[in-house]
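Following: one structure in structure tokens, then a few remarks.
When a ligand or atom number is given, it counts from 1 through the structure's own listing order.
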Amino acid sequence: MIPVELRSDTMTRPTAAMRRAISEAEVGDDVWGEDPTVKRLQTKVAELLGKEAALFVPSGTMANQIALLCHTQRGDEVLLGWGSHCTSYEAGAAGAFAGIQTQELGRAGLLTAEELAAALRPPNGHQAHQRLVWLENSHNRGGGRVYAPAAVRAIAGVARAAGLALHLDGARLLNAATACDCSPAELVAAVDSTSICLSKGLGAPAGSVLAGTRAFIERARRARTMFGGGLRQAGILAAAGLHALDHHVRRLVEDHDNARLLASGLAGLPGLRLDPTAVETNIVIFDLEPPAPDAETLVARARAAGVLVAAVGPRRVRAVTHLDVNRAQCEHAISVLDHALRP
Ligand SMILES: *Cc1c(COP(=O)(O)O)cnc(C)c1O
């Protein structure tokens, strides 16, 4: 039996239709600016996000590191939510390449305009220059929590008044927009730059797109070269991204329904701590309390029964829904986890 894959929405595999789109892609050398499919994807994403220009990059990590590099100088401070991907999961790149330091704000990954205002200080000769505010929407480590457009606008107001730039890591921006029932452009209207991942719940094999002003994207293209991220016939990947944007966005609501189903089924189980009302998108994170086993044990027991979930802490587990898991599989996962939890 094929296991129920809930470890990550990056585990999705290209569908038959996506593979067809890949095989039929018209391509050229994108480093020379001659791949028509990459150009189409960039234009489409710029329009989708209401930005002047966009740039295809191989990964979300590279999109983040390019954005940090282009917005800051070495020694600057970046204000961001607790547990942001760019500082938690990118192998120390933010310090190594952009040379920035960070101040983490807020809880569960999200920060508020008030918390940001309280953390600001006037420039002085002793402390790092505060240069950039960084949001992540939805917030991965925060359990897929979402900033609504009004929250982003409020933060942008504070950032702008202090002369700070604002970037939004939108690896799962389309999940966030789905949860807020608004357009992705509305969610990023107040930020200077943003990015989306094509390889998470959208189901493409690889690729992210960075978007912002024309001048920012020109600098980003140069940074992409520095990082070795210029790909030649990248239309092969861009075609998958275009297919994903055309066919896999409207269905994200199913992933959110499945995540809520999973959360409400798990919430009542003994030893499992989870607030189902905090599940806004496709990520479900829960904690284990004695006498429930620790995360590693639970993950191993579930795996033996054909359900794959991820340990993200000694007693913390993550389950993520996506286009390769359906409602029945989520129901099955609840009963498997129920058994696996018993001491
Ligand atoms: C996955 C992820 C990234 C990085 O994307 P990769 O393509 O895996 O490098 C960046 N930000 C967030 C919020 C993510 O979840």
Side-chain angles (χ1 to χ4, degrees), residues 5-14 41 45 49 54-69 71 78 80-94 96-98 102 104 106 108-111 132-147 152 167-179 184 187-188 191 193-211 220 223-224 227-229 231 234 237-238 240-241 244 252 255-256 259 280-285 310 312 318-323:
E5 177 60 80
L6 293 167
R7 288 174 299 173
S8 175
D9 49 6
T10 57
M11 300 285 175
T12 48
R13 294 182 202 172
L41 174 67
V45 173
L49 303 181
L55 180 72
F56 180 79
V57 292
S59 70
T61 297
M62 196 183 290
N64 282 351
Q65 295 307 321
I66 288 173
L68 285 169
L69 197 68
H71 279 300
V78 177
L80 38 62
W82 169 87
S84 298
H85 195 285
C86 67
T87 47
S88 293
Y89 292 134
E90 298 182 9
F97 300 139
T102 56
E104 287 195 337
L110 303 192
L111 56 103
L132 174 68
V133 179
W134 185 278
L135 305 179
E136 187 175 309
N137 202 15
S138 68
H139 199 283
N140 183 350
R141 272 183 92 185
R145 296 307 297 261
V146 163
Y147 288 102
V152 179
H167 178 84
L168 188 147
D169 173 356
R172 296 184 183 81
L173 182 72
L174 296 164
N175 292 90
T178 301
L187 265 181
V188 296
V191 308
S193 56
T194 188
S195 64
I196 59 168
C197 263
L198 302 166
S199 61
K200 301 276 166 78
L202 294 181
S208 279
V209 186
L210 193 58
R224 187 182 73 174
F227 282 126
L231 302 180
L237 292 171
L252 289 174
D255 297 344
H256 299 182
E280 297 181 282
T281 55
N282 66 329
I283 300 177
V284 180
I285 291 179
V312 292
R318 188 178 83 157
V320 187
T321 59
H322 50 75
L323 76 167

So, is Ala171 polar-close to ligand 1, with some N/O to N/O distance under 3.5 Å? no
Closer than 4.0 Å to some heavy atom of Asn64 - which atoms of ligand 1 meet that? 10 (C), 11 (N)
Does a donor on one side chain and an acceptor on the other come within less than 3.5 Å for Asp9 and Asn282? yes
Do Thr281 and Arg172 pair up side chain to side chain, a donor and an acceptor below 3.5 Å, judged on atom types alone? no
If I apply the N/O under 3.5 Å rule, does Ser138 come out as touching ligand 1? no
Looking only at protein heavy atoms, identify the closest one to atom 2 (C) of ligand 1 and say how far it is in Å. Lys200 NZ, 2.2 Å
Is there side-chain contact between Glu104 and Ser84, with at least one heavy-atom pair below 4.5 Å? no
Short list, please: which atoms of ligand 1 are under 4.0 Å from a heavy atom of Asp169? 10 (C), 11 (N), 12 (C), 13 (C)
Tyr147 side chain vs Leu111 backbone, donor-acceptor pair below 3.5 Å: yes
Using a 4.0 Å heavy-atom threshold (strictly under), name the region of Asn140 that reaches ligand 1: side chain, backbone, both or neither. side chain
Could you list which atoms of ligand 1 come closer than 4.0 Å to a heavy atom of Thr61? 4 (C), 5 (O), 6 (P), 9 (O)
Side-chain donor-acceptor contact under 3.5 Å, His256 with Thr178: no
Specify side chain, backbone, both or neither for Arg172, according to which of its non-hydrogen atoms lie closer than 4.0 Å to ligand 1. side chain
Structural part of Thr10 in contact with ligand 1, heavy atom criterion under 4.0 angstrom: neither
Heavy-atom distances under 4.0 Å are what count here, so tell me which part of His139 touches ligand 1: side chain, backbone, both or neither. neither
Can you tell me which residue and heavy atom of the protein come closest to atom 13 (C) of ligand 1, and the distance to 0.1 Å? Glu136 OE2, 3.2 Å
Taking Glu5 for the side chain and Arg7 for the main chain, is one N or O donor matched with an acceptor at less than 3.5 Å? yes
Ligand 1 versus Ala63: contacting region, heavy-atom distance under 4.0 Å: neither
Give a yes or no answer on whether the side chain of Asn137 reaches the backbone of His139 with a donor-acceptor pair at less than 3.5 Å. no
For atom 6 (P) of ligand 1, which protein heavy atom lies nearest, and how many Å away is it? Gly60 N, 3.4 Å
Just checking, any donor-acceptor pair under 3.5 angstrom between side chains of His85 and Glu136? no
Backbone N/O of Trp82 and side chain of Arg141: donor-acceptor pair under 3.5 Å: no
